[in-house]
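In what follows, a single structure is set out as structure tokens and then discussed.
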Amino acid sequence: MKRIKKIILCLTILLLSSGISYAIFTDAISINGTASGVGTFAINVTSVTVGEQIGNVGSTASISSDKKTVTVDVPALQYPGAYTTFLVTIKNEGTINAKLIDIVENSMGDDNIGVSYSNITKNSILTVNDSITFTVKVEWKASSTAASKEGASIDIDFMYEQSV
Amino acid sequence: MKNTRLLVFNIINIVFLVYSICLSTGYALFSDKINFYGVARTVEYYAGSNLPVTPLVVDTANNRYYTYSTKKSCETLTSNAWSDSTIDVVHTRNWCFLSGSETVTYTASFRNDTVLTMSDGVATATITENGNNKMSNVSASMSKTTVLPGETVELYLVLTINLTLSGGTQTARGSYAFNFQNSTKYVYFTMSFK
């Protein structure tokens with residue numbers, strides 16, 4: 001029986017120490033009030049507009065109904081160096097501060113088309129009710145002359161997580 | 001007593017375990033992803049300095065790419081051809097009674113069959129060969145300086161030529177420049193007399 005007690009005691013200490021060492025848990029629960037169910041985490045796109053169109057016309061942009069996806073179309077880049085910019089505004093509409101932990105660029109399918117962004121950086125904090133407007137530039141790379149007419153897919157994920 | 005203590009320990013452990021699971025699950029929910037998605041397409045790219053044009057046969061009766069304002073019996077068409085973006089016309093002299101020089105307007109035409117606009121047209125002309133100085137007053141112009149997709153434009157080359165025999169060889173060259181795909185590209189119209 002003593003042996004069982006020792007095992008249970010060890011397990012208890014192990015669990016406690018792991019919980020304490022992962023201090024972020026404690027912080028998160030105290031800040032968010034998750035246990036009481038009052039915290040909400042809502043990072044949404046509130047605006048997207050077409051900015052400059054150089055060597056290109058007819059670009060469009062829209063926001064999905066759940067405010068999580070921006071869909072753009074750049075129909076006819078006319079020459080290397082031609083581009084369209086999009087102004088995207090993201091707002092923290094929840095009750096928890098958020099941090100941009102990563103920007104993931106998925107495969108484009110055509111190396112001759114480039115996508116870049118400005119005014120947004122990893123690890124930037126978006127506090128409650130705050131918003132950020134950044135620019136996404138879709139370009140037929142100036143150094144390239146062989147882009148596909150079929151089109152290149154654009155797919156970027158902006159990954160947010162609660163900030164403690 | 002021992003069993004009671006064991007029970008308490010077990011309850012504490014279970015509660016803590018459930019608490020940990022709930023906490024970690026709750027934390028995982030507090031993340032979000034904004035996705036920027038779309039498609040970008042390009043048009044066909046035309047490399048080099050030649051303007052991509054579709055030449056037109058403007059004198060369909062004689063199957064020629066050009067017309068001219070004055071025809072003399074002492075000149076004969078030797079050849080007319082479009083190659084890349086250049087129309088080359090050669091006339092040869094015949095024996096005839098002719099005095100003095102003649103000012104003639106030569107006209108060629110092309111159509112813009114691309115999906116892009118050709119803009120900022122500028123025409124210039126030079127004499128590239130002038131045997132016995134029998135050619136003079138060369139100039140070039142065009143019917144419009146912006147050619148939309150599907151539109152046609154006329155190219156004019158005006159020159160004064162003396163067609164008397166033993167005149168040597170004379171060549172005039174009209175250059176027609178347009179802005180296309182953000183670079184300057186050219187069409188040429190050359191008239192030679194031999």
Side-chain angles (χ1 to χ4, degrees), chain A residues 1 4-5 8-9 11-12 15-16 19 24-25 28-29 32 34-35 39 41-45 55 61 68-82 84 86 88 90 96 98 101 112-113 136 138 140 145-162, chain B residues 1-52 112 114-120 148-149 178-185:
Chain A
M1 199 60 195
I4 293 169
K5 276 186 186 176
I8 291 169
L9 188 64
L11 282 172
T12 306
L15 279 169
L16 282 171
I24 196 166
F25 271 18
I29 201 71
N32 304 331
T34 306
F41 193 76
I43 305 300
N44 296 324
V45 181
K68 301 298 182 190
T69 300
V70 172
T71 302
V72 300
D73 185 34
V74 183
L77 294 165
Q78 296 176 359
Y79 50 81
T84 293
F86 299 93
V88 183
I90 292 176
I96 303 163
I101 58 165
N112 298 290
I113 303 295
V136 179
V138 179
W140 184 353
T145 58
S148 166
K149 288 196 294 180
E150 302 305 314
S153 64
I154 303 159
D155 195 352
I156 309 171
D157 292 330
F158 297 90
M159 314 294 290
Y160 278 91
E161 199 171 83
Q162 70 181 89
Chain B
M1 189 62 185
K2 284 181 181 177
N3 285 338
T4 307
R5 283 183 180 175
L6 183 61
L7 187 65
V8 169
F9 271 119
N10 284 336
I11 289 169
I12 289 170
N13 280 331
I14 289 166
V15 167
F16 185 76
L17 198 61
V18 170
Y19 171 78
S20 297
I21 290 168
C22 290
L23 190 59
S24 58
T25 304
Y27 185 79
L29 285 174
F30 291 140
S31 63
D32 229 336
K33 180 180 77 174
I34 298 298
N35 180 242
F36 186 93
Y37 175 77
V39 176
R41 288 174 289 274
T42 65
V43 301
E44 184 175 354
Y45 181 70
Y46 300 90
S49 62
N50 290 335
L51 193 68
N112 177 6
T114 73
V115 297
L116 303 174
T117 297
M118 299 166 177
S119 62
D120 306 322
L148 299 175
F178 288 88
N179 188 315
F180 185 80
Q181 289 191 310
N182 206 35
S183 66
T184 304
K185 297 184 187 294

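Proteins get letters first, then strands, A, B, ... in listed order; numbering begins at 1 in each.
- Proximity of Ile113(A) to Thr42(B): side-chain heavy atoms (C-beta onward) are separated by under 4.5 Å at one or more points.
- Proximity of Ile34(B) to Ile43(A): side-chain heavy atoms (C-beta onward) are separated by under 4.5 Å at one or more points.
- In this structure, Tyr37(B) and Ile154(A) have side chains that are not in contact, with every pair of non-hydrogen atoms separated by 4.5 Å or more.
- Residue Ile90(A) touches chain B through its side chain alone, counting heavy-atom pairs closer than 4.5 Å.
- For the pair Tyr45(B)/Pro80(A), a side-chain contact is recorded, criterion being any heavy-atom separation below 4.5 Å from C-beta on.
- When each of Ile101(A), Val138(A), Asn44(A), Val136(A) is scored by its heavy-atom pairs under 4.5 Å with chain B, the top score falls to Val136(A).
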Next item on the list: For Arg41(B) and Asp73(A), run side-chain contact (heavy atoms from CB on, under 4.5 Å): C-alpha distance rounded to whole Å, both residues' side-chain angles, the deciding distance at 0.1 Å, then the answer.
Entry: CA-CA 8 Å; Arg41(B) 288 174 289 274; Asp73(A) 185 34; 2.7 Å; yes
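- There is no contact between Ala82(A) and chain B, counting heavy-atom distances below 4.5 Å.
- The side chain to side chain donor-acceptor pair (under 3.5 Å) test with Asn35(B) singles out one residue from Thr69(A), Asp157(A), Thr71(A), and that residue is Asp157(A).
- Gln181(B) contributes a side-chain N or O that, together with a main-chain N or O of Gln78(A), makes up a donor-acceptor pair within less than 3.5 Å.
- Counting heavy atoms from C-beta on, the side chains of Lys68(A) and Asp32(B) come closer than 4.5 Å.
- Within the 4.5 Å cutoff, no side-chain heavy atoms of Asp155(A) are placed close to those of Phe36(B).
- Going from atom OG of Ser31(B) over to atom CE of Met159(A) covers 7.0 Å, rounded to the nearest 0.5 Å.
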